[in-house]
J.: 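Can you read through this structure? Questions will come right after.
Bear in mind the structure is a predicted one, so any value in this text is a computation, not a measurement.
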Amino acid sequence: MLLHGSCAARDGAGGLLGVLLLGPPGAGKSDLLLRLTGEGWRLVSDDQVVLRAEGDALRATAPVSLRGMMEVRGLGVMAGFASDADVPLALAVDCVAREEVPRLPEPLRFKALDRSLPRMALHALDASAPRKLTLALDALAGLIACRAGALESMN
C-alpha cells in the first residue's frame with residue numbers, strides 16, 4: 001500500500017520503531033523528519049511510504065526510487081541520507097495546524113491493511129515536536145506512563 005507521508009525510526013525497547021507522519025502537502029512532515037534525523041532518528045522515507053502487513057505488525061519502507069532522499073524546503077531534494085529499508089511502525093501522527101491539536105486527546109487508532117496503530121495529532125512545526133514523538137515512543141514501550149491523553153490506554 002503506497003501512501004503520501006513520511007517515516008522516521010529510532011531505537012526503542014526491542015529494536016527499531018517507526019513513526020508514520022501523515023498530512024497534506026505543507027503540513028510540516030519533511031521539516032519534522034529533517035529535525036528528527038538531526039536528533040538521532042533515522043530516515044525511513046519522505047513524501048511516500050510503502051506499507052505492508054507482516055504478522056500482527058504494520059511495516060514501512062521507502063519506494064526504491066526515493067530511498068535515502070529527503071525534500072528540504074528551500075534547498076531541494078537531497079540524496080545520500082542513510083535510510084532504513086524496512087521498519088515496524090509503532091505510531092501514526094497526523095500533522096495538523098496548532099489549533100487542531102487537542103490539549104488532552106482521546107486515544108485514536110490508525111488502520112491499514114487490517115492492522116492498527118496508536119494515532120495522535122501534532123503540529124509538526126512546533127519546536128517541541130521531536131521531543132513529543134520521543135516521549136510517545138517511550139510511553140508505548142512502557143518506559144514512561146501516559147496517565148491521560150492520546151496514549152492513555154496503551155500502557
Side-chain angles (χ1 to χ4, degrees), residues 1-63 66 70-71 73 83-155:
M1 173 182 185
L2 181 68
L3 70 123
H4 177 78
S6 296
C7 184
R10 80 183 265 269
D11 286 317
L16 209 55
L17 296 174
V19 172
L20 180 64
L21 305 174
L22 303 167
K29 297 178 301 295
S30 295
D31 185 271
L32 178 53
L33 186 61
L34 179 64
R35 287 182 286 134
L36 288 168
T37 61
E39 294 189 15
W41 290 60
R42 294 155 74 168
L43 170 69
V44 176
S45 188
D46 186 34
D47 192 52
Q48 295 181 25
V49 181
V50 177
L51 299 181
R52 69 180 177 81
E54 182 178 285
D56 292 336
L58 195 56
R59 298 186 69 88
T61 191
L66 297 178
M70 186 184 324
E71 179 185 344
R73 194 173 294 252
S83 177
D84 285 295
D86 182 53
V87 299
L89 291 173
L91 178 66
V93 176
D94 293 308
C95 297
V96 299
R98 184 175 287 119
E99 60 273 6
E100 294 178 40
V101 178
R103 188 169 178 181
L104 283 173
E106 295 293 322
L108 299 172
R109 303 293 291 180
F110 170 80
K111 295 179 181 168
L113 303 172
D114 294 323
R115 309 293 184 280
S116 74
L117 306 168
R119 183 178 203 157
M120 62 180 274
L122 186 70
H123 182 63
L125 300 176
D126 280 345
S128 61
R131 181 69 182 131
K132 288 176 182 177
L133 292 181
T134 298
L135 288 172
L137 283 188
D138 286 350
L140 289 169
L143 301 174
I144 59 174
C146 180
R147 296 287 182 225
L151 306 175
E152 177 182 5
S153 64
M154 307 302 159
N155 48 37

J.: Hey, which of Leu125, Val93, Leu122 is the one that makes side-chain contact (heavy atoms from CB on, under 4.5 Å) with Leu32?
T.: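 Exactly one pass, corresponding to Leu122.
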J.: Does Arg115 have any side chain to side chain contact (heavy atoms under 4.5 Å, CB included) partners at least two apart in sequence or in another chain, and if so, which?
T.: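 Only Ala53, Leu58 meet the side chain to side chain contact (heavy atoms under 4.5 Å, CB included) criterion with Arg115.
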J.: Evaluate side-chain contact (heavy atoms from CB on, under 4.5 Å) for Leu89 paired with Leu51, printing each intermediate quantity in order.
T.: CA-CA 9 Å; Leu89 291 173; Leu51 299 181; 3.6 Å; yes
J.: Residues two or more places apart in sequence or in another chain: which of them pass side chain to side chain contact (heavy atoms under 4.5 Å, CB included) with Val101?
T.: Val96, His123
J.: Could you measure the distance from the CG atom of Asp47 to the CG atom of Leu21? Nearest 0.5 Å is fine.
T.: 12.0 Å
J.: Find out whether Leu108 and Asp94 are in side-chain contact, i.e. whether some heavy atom of one side chain is under 4.5 Å from a heavy atom of the other.
T.: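 No; the side chains remain at least 4.5 Å from each other.
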J.: Under the rule for side chain to side chain donor-acceptor pair (under 3.5 Å), what residues qualify as partners of Arg98, not counting sequence neighbours?
T.: Asp126
J.: Compare all side-chain heavy atoms of Val87 with those of Arg42 and state whether any distance is below 4.5 angstrom.
T.: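 No, every pair of side-chain atoms sits at 4.5 Å or beyond.
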J.: Do Met70 and Ser6 make a side-chain contact, defined as non-hydrogen atoms from C-beta onward lying under 4.5 Å apart?
T.: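 They are not in contact (no side-chain heavy atoms under 4.5 Å apart), so the answer is no.
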J.: Under a 4.5 Å cut-off applied to non-hydrogen side-chain atoms, are Val44 and Val49 in contact?
T.: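 Sidechains of Val49 and Val44: no contact.
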J.: Measuring from Leu91:CG to Leu137:CG, what's the distance to the nearest 0.5 Å?
T.: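 Taking CG in Leu91 and CG in Leu137, the distance rounds to 6.0 Å.
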J.: Nearest heavy-atom pair of Pro118 and Ala90: which atoms, and what distance?
T.: CD-O, 3.3 Å
J.: Working to the nearest 0.5 angstrom, can you tell me the gap between Leu133 CG and Leu17 CG?
T.: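 Reported to 0.5 Å precision, the distance equals 12.5 Å.
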J.: How close do Ala148 and Leu104 get, heavy atom to heavy atom, and via which atoms?
T.: O-CD2, 4.1 Å
J.: Do Thr61 and Arg59 have side-chain heavy atoms sitting under 4.5 Å apart?
T.: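 No. Closest side-chain heavy atoms not under 4.5 Å.
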J.: Give the minimum heavy-atom separation between Cys7 and Ala60, together with the two atoms involved.
T.: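 Result for this residue pair: SG-CB, 3.9 Å.
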J.: Listed by chain and number, what are the side chain to side chain contact (heavy atoms under 4.5 Å, CB included) partners of Thr134, not counting sequence neighbours?
T.: Arg10, Trp41, Arg131, Asp138
J.: Using side chain to side chain contact (heavy atoms under 4.5 Å, CB included) as the criterion, list what pairs up with Pro63, not counting sequence neighbours.
T.: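 If we apply the side chain to side chain contact (heavy atoms under 4.5 Å, CB included) test to Pro63, skipping adjacent residues, the hits are Leu2, Ser45, Gln48, Val50, Ser65, Leu66.
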J.: Does any part of the side chain of Leu22, heavy atoms only, come nearer than 4.5 Å to the side chain of Phe110, both counted from C-beta?
T.: yes
J.: With sequence neighbours left out, write down each residue that passes side chain to side chain donor-acceptor pair (under 3.5 Å) with Ser30, or none if nothing qualifies.
T.: Asp46
J.: What heavy-atom pair brings Ala124 and Gly28 nearest, and what distance separates the two atoms?
T.: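 Smallest heavy-atom distance, with atoms named: CB-O, 3.5 Å.
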J.: Using modelled atom types and a 3.5 Å cut-off, is there a donor and acceptor pairing between side-chain atoms of Lys29 and backbone atoms of Leu20?
T.: no
J.: Looking only at heavy atoms, what is the nearest atom pair of Glu39 and Pro130, with distance?
T.: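 Where Glu39 meets Pro130 most closely, the heavy atoms are OE1-CB, 3.6 Å.
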